[in-house]
2 protein chains.
Amino acid sequence: MGRNPARTRSEVISVALELVERDGLEALTLRGLGAALGVGHTSVYTHFKDKHELIEALVALAAADVLSSNVPIGAGPRTRLRDLASRARQSFTQHPRLAPALLQASGEVDSAVELSRAILAELKRAGLGGRRLIVAYRTLETYVIAMSIFDFGGAPHHLAIRVARQQSIDPATFESVTTEAAVEALNEEAYVAGFELLLDGFDIHDN
Amino acid sequence: MGRNPARTRSEVISVALELVERDGLEALTLRGLGAALGVGHTSVYTHFKDKHELIEALVALAAADVLSSNVPIGAGPRTRLRDLASRARQSFTQHPRLAPALLQASGEVDSAVELSRAILAELKRAGLGGRRLIVAYRTLETYVIAMSIFDFGGAPHHLAIRVARQQSIDPATFESVTTEAAVEALNEEAYVAGFELLLDGFDIHDN
DNA sequence: ACCTGAACACCGTTCAAGT
DNA sequence: ACCTGAACACCGTTCAAGT
């Protein structure tokens, strides 16, 4: 009958993303999405051949603008890498409910590829080459993506609480480790500490 | 009617794990599992109140024996940590198809908690304390789990191929980076390199 | 205690049909 | 091009029933 007004592809994506953010990825349903759009559930097939293709679009959006420009031109390789990495971390963690999908899809996500190319370029600029270049590249890239996805998968918080409980940890330290805000801050601090140590170890400087 | 022979809980788990290893986690179906067991699909509810509970059991098994003893007694903290970490990495990567479930569940997995406690103990033995202890612990633990889960999520292989294709990389290097075996070796090399750099950076020695 | 089959409320996907 | 509703083959889960 075609009585309802038409939805654009990006309308569908953004409503789907809202649903995922509210109820989680596993709760995303074509039927529920149709209802949220005020449309029959089979209308989604106008824009996406598959539920899988829809999720791919969500992942692509979540991982987008890793390299949204304004990276300080003229900066040294170390500064550039740090900036690049934290931008990637940000975009990978903006939508934590998508983490499981990201885990499977990141090989196909354009912005992940962009990140890879940028990392490689900066490492070359820092003077690395040969096998050492390849290893450093792989370590840094995996570090950024894996640490970021994992931090916001929800696991670390429960883990911290359980560990703190079983260790005989003084109350102040316990508090500083198990509060949700504290865990987030600690995740960030641990990420930064590790990243800087890797940059040190691979001899990457701004020179 | 109860005509079929009874299945034990661990029989159910091991057959389910076989199915997951062959067809992936998303293909695990109570009905399919029942068929594989030669049993009505509702029989699974005898041992598990939920599909979720079944998957939790699979994850627990996959992450088990992280600390299956025979860690060289008398060894220094650095050696112990290296050993602990590689054992954890091994057990986390033995069942790559479970990676998505692991990502969500690792906070509840006993062996992950064991790993945490062991890491903390060794770091203390290495002389770390206060905030520095906490940060080092968090960085190392997340590094081991996240890098291991991510390496075997399947993403890196496709990523390597796409990047190598877009860079102007000489054929020999291309081959050394995109062969499946090469990717696996590179993942391992990158993991080890990063881990040693972190140990260096946190001043962890065998003393 | 363990298995069974029917039933229920849900899925994703296809398709002929409408505008 | 986009929406629709019915239909199909699947899900997980519940439950009364068997042994």
Side-chain angles (χ1 to χ4, degrees), chain A residues 1-61 97-98 100-105 108, chain B residues 1-61 97-98 100-105 108:
Chain A
M1 303 158 176
R3 235 191 265 83
N4 269 310
R7 315 287 145 155
T8 70
R9 184 183 158 99
S10 67
E11 269 179 310
V12 175
I13 291 178
S14 84
V15 170
L17 206 51
E18 275 173 32
L19 290 183
V20 169
E21 265 161 4
R22 173 149 37 85
D23 303 321
L25 183 62
E26 71 289 347
L28 178 63
T29 270
L30 290 191
R31 291 172 138 95
L33 178 56
L37 284 163
V39 125
H41 71 279
T42 51
S43 295
V44 180
Y45 288 92
T46 301
H47 299 292
F48 306 91
K49 92 171 224 299
D50 241 7
K51 189 187 186 185
H52 182 80
E53 201 182 281
L54 169 64
I55 291 181
E56 264 184 358
L58 297 186
V59 169
L61 190 140
R97 317 296 295 257
L98 280 177
L102 245 172
L103 188 65
Q104 294 188 312
E108 306 292 340
Chain B
M1 302 155 178
R3 234 191 266 82
N4 267 313
R7 314 288 144 157
T8 71
R9 185 184 157 98
S10 68
E11 269 179 310
V12 175
I13 292 178
S14 84
V15 170
L17 205 52
E18 275 174 31
L19 290 183
V20 168
E21 265 161 3
R22 172 146 39 83
D23 303 321
L25 183 62
E26 72 289 346
L28 177 64
T29 270
L30 291 191
R31 291 174 137 95
L33 178 57
L37 285 163
V39 125
H41 70 278
T42 51
S43 295
V44 180
Y45 288 92
T46 300
H47 298 292
F48 306 91
K49 93 171 223 299
D50 242 5
K51 189 187 186 184
H52 182 79
E53 202 180 279
L54 168 64
I55 291 181
E56 264 183 359
L58 298 185
V59 169
L61 189 141
R97 318 296 294 258
L98 280 177
L102 245 173
L103 188 66
Q104 294 188 311
E108 307 291 341

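Note that these values count all heavy atoms, side chains included, but never hydrogens, waters or copies made by symmetry. Lettering of chains follows the sequences in order, A, B, ..., and the numbering in each one begins at 1. No experiment lies behind these values; they were computed from the predicted model shown.
- Put simply, NZ on B:K51 and CG on B:L33 are 9.5 Å apart, with the number rounded to the nearest 0.5 Å.
- Among residues at least two apart or in separate chains, there is no side chain to side chain donor-acceptor pair (under 3.5 Å) pair with a member in residues 36-48 of chain B.
- Less than 4.0 Å separates DNA chain C from at least one heavy atom of each of the following residues of residues 43-52 of chain B: B:S43, B:T46.
- For the segment residues 9-30 of chain A, no residue has any heavy atom less than 4.0 angstrom from an atom of DNA chain D.
- With sequence neighbours excluded, no residue satisfies side chain to side chain contact (heavy atoms under 4.5 Å, CB included) with B:A6.
- Under the side chain to side chain donor-acceptor pair (under 3.5 Å) criterion, the residue pairs touching residues 17-40 of chain B are B:E21-B:H95, with sequence neighbours excluded.
- Separation of atoms CD1 (A:I13) and OG1 (A:T8) is listed at 8.5 Å; rounding is to 0.5 Å.
- Considering all non-hydrogen atoms of both residues, A:A101 and A:V59 come closest at CB-CG2, 3.7 Å.
- Scanning DNA chain D for stems, defined as runs of 3 or more consecutive Watson-Crick or G-U wobble pairs whose donor-acceptor distances all fall under 3.5 Å, gives the following ranges: C:4-8 with D:12-16, C:12-16 with D:4-8.
- The two residues B:L103 and A:L103 come nearest to each other via the heavy atoms CD2-CD2, 4.3 Å.
- Residues B:L19 and B:A36 approach most closely at CD1-CB, 4.1 Å, considering heavy atoms.
- In this structure the side chain of B:V20 never reaches within 4.5 angstrom of the side chain of B:I55, judged on heavy atoms.
- Looking at B:R9 and B:F48, their side chains come closer than 4.5 Å, going by heavy atoms from C-beta outward.
- In this entry the distance linking CZ of A:R7 with C1' of D:dA1 reads 15 Å, nearest Å.
- As a whole-Å value, the separation of B:H41 NE2 from D:dA9 P is 17 Å.
- Looking at residues two or more places apart in sequence or on another chain, you find a side chain to side chain contact (heavy atoms under 4.5 Å, CB included) between A:R7 and A:P5, A:E11, A:V12, A:L37, A:V39.
- Interface remark: the B:T42 side chain does not form any donor-acceptor pair with the D:dG12 base, using a distance-only criterion of under 3.5 Å.
- Against DNA chain D, the stretch residues 31-40 of chain A makes heavy-atom approaches under 4.0 Å through A:R31, A:V39, A:G40.
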